[in-house]
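Here's the structure, in structure tokens; my notes come after.
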Amino acid sequence: MGRQQLVAMEHPNMIFMREAIASAQEGLAKKAGGPFGAVVVKDNQIIARGYNRVLIDRDPTAHAEMVAIREACKYLHDFQLHECDLYTTCEPCPMCMGAIYWARPRRVIFGCTREDAARIQFDDAFIYAELLKPFSERRIPMITMGREDALLLFTVWEQMADKIRY
């Protein structure tokens, strides 16, 4: 089968994955961080792009998905990505998965798996394992303090008549 026939058989949304890959390539060229890129798509249009910016921003949360989600939310003037798709070059890490679930896109389409990432030393398996451990057994100590005072904030929130739930 020739190249033209293969391209014709390709999934029509592969163009968006190619754009996520192009974002990752841009980040690599700038030595911004790891080989990760993402785009957010709404109504068949790219509304946001991101590449891993951990190194240039000196920000451990500046993963491609986080950058794209932040940009898309600004574009939409919303904190959720209703009817949007997130294309990313790799299965999202636990941090990005949390942000994705809070942003509530319609779906996530990814290229490489977490196992592929682990092979190049981007291994998040220890985070998944840490989250299952009791607080006292985690690598980074998790200590609860001031709960009674902090619970007062929850009471204020519960009683707010004009709160916006998310």
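When a residue number appears, it is its place in the shown sequence, counting from 1. Atom set for the values below is all heavy atoms of this structure, side chains included, hydrogens, waters and symmetry mates excluded.
From Ile140, atom CD1 reaches atom CZ of Phe135 across 13.5 Å, with rounding to the nearest 0.5 Å. Put simply, CD on Glu83 and CG on Asp43 are 8.0 Å apart, with the number rounded to the nearest 0.5 Å. Rounding to the nearest 0.5 Å gives a distance of 13.5 Å between SG of Cys84 and CZ of Arg104. Atoms CG and CD, on Asp124 and Glu130 in that order, are 12.5 Å from each other to the nearest 0.5 Å. Rounding to the nearest 0.5 Å places CD of Glu115 at 9.0 Å from CG of Asp123. Taken from CG in Asp85 to CG in Asn44, the straight-line distance is 9.0 Å, to the nearest 0.5 Å.
Clustering ILVMFWY residues whenever any of their side-chain heavy atoms sit less than 4.5 angstrom apart, transitively, puts Leu81 in the very cluster that holds Tyr101. Hydrophobic clustering places Ile109 together with Ile15 (ILVMFWY residues linked when any side-chain heavy atoms are closer than 4.5 Å, directly or through intermediates). Both Tyr75 and Val40 are part of a single hydrophobic cluster, where members link through side-chain heavy atoms under 4.5 Å apart. Note on Ile46 and Leu76: separate hydrophobic clusters, where clusters join Ile, Leu, Val, Met, Phe, Trp and Tyr whose side-chain heavy atoms are under 4.5 Å apart, directly or indirectly. Each of Val67 and Leu55 belongs to its own hydrophobic cluster when Ile, Leu, Val, Met, Phe, Trp and Tyr are linked at side-chain heavy-atom distances under 4.5 angstrom.
When all heavy atoms of Met66 and Ala99 are compared, the pair lying nearest together is SD-CB, 3.3 Å. Smallest separation of non-hydrogen atoms from Ala48 and Ala68: CB-O, 3.4 Å. Shortest non-hydrogen contact noted between Phe110 and Met17 is C-CE, 3.6 Å. Nearest heavy atom pair, residue Tyr166 against residue Trp102, reads O-CZ3, 4.0 Å.
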>> Apply side chain to side chain donor-acceptor pair (under 3.5 Å) to residues His63 and Glu65 and explain how you reach the verdict.
In response: CA-CA 6 Å; His63 290 195; Glu65 298 91 339; 4.8 Å; no
>> Would Lys30 and Glu26 count as a salt bridge (charged side-chain N to carboxylate O under 4.0 Å, His left out) here? Give the steps.
In response: CA-CA 6 Å; Lys30 293 178 178 180; Glu26 180 181 351; 2.9 Å; yes
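Ring geometry for Tyr87 versus Phe16: interplanar angle of 30 to 60°, hence tilted.
Annotation: side chain of Ile69 is not in contact with side chain of Cys96 (no heavy-atom distance under 4.5 Å). Taking the side chain as every heavy atom from C-beta outward, Cys90 and Phe36 approach each other to under 4.5 Å. Proximity of Val108 to Ile100: side-chain heavy atoms (C-beta onward) are separated by under 4.5 Å at one or more points. Counting only heavy atoms from C-beta outward, the side chains of Ser136 and Ile143 never approach each other to under 4.5 Å.
A donor-acceptor distance shorter than 3.5 angstrom exists from the side chain of Asp116 to the backbone of Thr113, with no hydrogens or angles considered. In this structure a side-chain-to-backbone donor-acceptor pair under 3.5 Å is missing from Arg119 to Ala117. Counting only distance, with no hydrogens or angles, the side chain of Asp57 and the backbone of Asp59 share no donor-acceptor pair below 3.5 Å. With hydrogens and angles disregarded, no donor-acceptor distance shorter than 3.5 Å links the side chain of Arg53 to the backbone of Ala32. At least one donor-acceptor pair closer than 3.5 Å links the side chain of Thr89 to the backbone N or O of Gly37. With Lys42 contributing its side chain and Ile47 its backbone, the two residues share no donor-acceptor pair below 3.5 Å.
Shown here is Lys133, whose NZ atom has more than 12 heavy atoms of other residues, nucleotides or ligands within 6.0 Å. Annotation for Lys163: atom NZ counts as buried by contact number, over 12 foreign heavy atoms lying within 6.0 Å.
The closest side-chain donor-acceptor pair between Ser23 and Arg18, if any, does not fall under 3.5 angstrom.
A salt bridge links Glu91 with Arg114; the closest basic N to acidic carboxylate O contact falls under 4.0 Å. Comment: Arg49 does not engage Glu71 in a salt bridge, judged by the lack of any side-chain N to carboxylate O separation of less than 4.0 angstrom.
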